[in-house]
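A quick write-up on the structure given underneath.
Everything numeric in this text was worked out from a predicted model, so none of it was measured. In what follows, residues are counted from 1 in the order of the sequence shown. These values consider heavy atoms only, across backbone and side chains, with no hydrogens, waters or symmetry-generated copies.
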Amino acid sequence: MTLARTVILCAAAALLIAGVPQQAAADDIGIFETVHISSVSFEDTNNALEAAIGASGLLLHAMHDVRLPDDSHQARVYVVTSPAYADVAAAESPRTISAQILRIAVYTWGEQQSTYINMANPVAHAMVFYADSPRYDDLVAAAAQAAGEIRRAASAVPGRSVSVQAEPLRSEKHYNKYKGDGPARMMAKFRTWQKSQLPIATDSADNLDAVVDSVSAALAAGTVADATETTGWEVLTTIRLRDDAVYLGLTNPYIEDRMVTINSRFRKDGKRESSPYPGVDHLAALPTDLLIVRDGDETLDLHYGQMWRMQLYFWDSGYRAFTANVGVPSAIAASIEKAAAGSN
């Protein structure tokens, strides 16, 4: 049994002893995890969470109020990192830095529009991006520690702490070789995360800082459209994780709208007249990634094939949702490429 699976099994046993209901078996690991149900308002929840993050070992880089159809829900995403986790991963390839980006969402959900806190599960991400590392077990254990830091911060909010693995659910083995899900794998071209990192531009290794400046300027010069068009991207945060790796977190109204509406279309859980978009519980997938890394003798400007990324976070939307919106991922990817290249 790997240390990674031991971490999951021990966590499951602890939850059963504590009497916390679980949605998934120990082998079903969510790309998201619900960590807290607040007993106070949306704003009070955010105020308490922000204070707790500030007092924790986490670094807060950005927060963003997500634009939702008809202002039907409230939602805010936080981008944080864990220096302790980053130290463990310091010798890994710079192309794995997406695993280091920790995202938390606060959102209103359900008939009573109660306020919840969830996170993009650090352990699931480590299982994807560090699958080939000789230090895999150490990295997954460090990811579990980072997840624990987020849970502790959330527990400072009045209400009830939980630990519920949330859809999409997968086994450790599935994450290790992740190439998409079910029949939609062909839409992602059966690519792993490495092959799903698509180059926008390349430069010499010593020009990383110049590439960061150039891409940042190109993105800032673009005009962000409304939710009907893909054009224009906001940079929520620029994080220099290491000397050879910089992360830019991107969003715009179009990707926010499509994430929520597509995931909500065929769902019944949590959908009420007062709560029409249950897919708000997937917003910890934001922001989307743009990476600028020094790899060998090159600087690479990379983003992910959006079909691969959207299956990772939204496969529970169902195959019908993917086939009905097959053009959305490619439209988003093309828009990011144009904006980063300064042609949008």
Side-chain angles (χ1 to χ4, degrees), residues 31 66-69 95 98 101 103 120 125 128-129 168 170 177-202 215 218-219 221-236 247-267 277 279 282-293 300-344:
I31 198 68
V66 182
R67 293 150 289 205
L68 297 166
R95 296 178 68 153
S98 291
I101 303 303
R103 300 186 296 270
H125 288 77
V128 173
F129 290 102
R170 304 177 180 94
K177 299 181 178 180
Y178 189 72
K179 299 178 182 179
D181 294 279
R185 288 185 179 192
M186 67 182 70
M187 296 181 185
K189 301 181 180 178
F190 303 98
R191 289 172 171 166
T192 61
W193 69 266
Q194 294 100 323
K195 292 184 178 179
S196 292
Q197 286 186 340
L198 308 179
I200 298 172
T202 61
V215 170
L219 291 166
T223 300
V224 178
D226 62 20
T228 64
E229 297 184 20
T230 62
T231 53
W233 291 89
E234 299 163 76
V235 180
L236 296 189
Y247 166 91
L248 281 72
L250 308 183
T251 191
N252 70 10
Y254 182 90
I255 196 172
E256 294 173 13
D257 178 88
R258 295 309 185 273
M259 284 170 56
V260 172
T261 57
I262 292 172
N263 183 258
S264 299
R265 181 177 177 185
F266 298 112
R267 286 181 59 179
Y277 297 104
H282 283 48
L283 287 175
L286 285 171
T288 192
D289 312 51
L290 192 152
L291 314 178
I292 300 174
V293 302
L300 304 176
D301 178 10
L302 304 166
H303 71 123
Y304 289 97
Q306 287 291 323
M307 180 58 79
W308 178 90
R309 192 176 190 276
M310 288 195 169
Q311 286 188 44
L312 180 66
Y313 293 110
F314 300 102
W315 175 240
D316 60 311
S317 304
Y319 185 58
R320 288 171 62 197
F322 277 88
T323 56
N325 297 278
V326 69
V328 170
S330 59
I332 291 171
S335 175
I336 290 172
E337 290 180 357
K338 290 179 181 178
S343 58
N344 190 5

By side-chain contact (heavy atoms from CB on, under 4.5 Å), which residues pair with T202, not counting sequence neighbours? E298, L300
Please enumerate all residues that pass ring pair (Phe, Tyr, Trp, His ring centres under 6.0 Å) together with H282, with sequence neighbours excluded. F32, F314
Assess whether side-chain contact (heavy atoms from CB on, under 4.5 Å) is satisfied between L290 and I200, documenting all intermediate values. CA-CA 10 Å; L290 192 152; I200 298 172; 4.1 Å; yes
Roughly how far, to the nearest 0.5 Å, is CD of E337 from NE2 of H303? 3.5 Å
A201: what forms a side-chain contact (heavy atoms from CB on, under 4.5 Å) with it, not counting sequence neighbours? D301
Find the distance between OG1 (T288) and CD1 (I255) and round it off to the nearest 0.5 Å. 4.5 Å
Which heavy-atom pair separates G279 from R267 by the least distance, and what is that distance? CA-NH1, 3.6 Å
Ring pair (Phe, Tyr, Trp, His ring centres under 6.0 Å) with F129: which residues, sequence neighbours excluded? W193
Any non-hydrogen side-chain atom of W233 less than 4.5 Å from a side-chain atom of V224? no
Tell me, please, which residues at least two apart from V235 pass side-chain contact (heavy atoms from CB on, under 4.5 Å). L219, T238, L248, L250
Closest heavy-atom pair, A218 versus A340, reported as atoms and distance to 0.1 Å, is CB-O, 3.6 Å
Could you pull out every donor-acceptor pair under 3.5 Å between side chains of residues 180-191 and any protein atom, sequence neighbours left out?
unit_1 : atom_1 : unit_2 : atom_2 : d
D181   : OD1    : R170   : NE     : 3.0
D181   : OD1    : H174   : NE2    : 3.3
D181   : OD2    : R170   : NE     : 3.4
D181   : OD2    : R170   : NH2    : 2.9
D181   : OD2    : Y178   : OH     : 2.4
R185   : NE     : G180   : O      : 3.2

Contacts satisfying salt bridge (Lys or Arg N to Asp or Glu O under 4.0 Å) that involve residues 248-258 (not counting sequence neighbours) are R67-E256
Report the residues that fulfil side-chain contact (heavy atoms from CB on, under 4.5 Å) with P329, sequence neighbours left out, ordered by chain and then residue number. Q306, M307, M310
If you take all heavy atoms of Y254 and I332, which pair is closest and at what distance? CE2-CG1, 3.8 Å
Separation between CG (N263) and OH (Y277), nearest 0.5 Å, reads 12.5 Å
Evaluate the side-chain proximity of E234 to P253: yes if any heavy-atom separation is below 4.5 Å, no if none is. yes
First locate atom CG of L68, then atom CE of M259, and finally report the distance between them rounded to the nearest 0.5 Å. 10.0 Å
If you look at every heavy atom in T192 and Q194, which pair is closest and at what distance? OG1-OE1, 3.0 Å
Just to verify, what does N325 make a side chain to side chain donor-acceptor pair (under 3.5 Å) with, not counting sequence neighbours? none
S335 side-chain N/O to T230 backbone N/O, donor-acceptor pair under 3.5 Å: yes
Once you round to the nearest 0.5 Å, how far does OG of S196 lie from CZ of R309? 11.5 Å
What pair of heavy atoms forms the shortest contact from Y247 to P287, and how long is it? OH-CG, 3.4 Å
Name all residues meeting the ring pair (Phe, Tyr, Trp, His ring centres under 6.0 Å) criterion together with Y304; count only those two or more places apart in sequence or in a different chain, and write none if there are none. W308
Separation between OG1 (T223) and CG (N252), nearest 0.5 Å, reads 12.5 Å
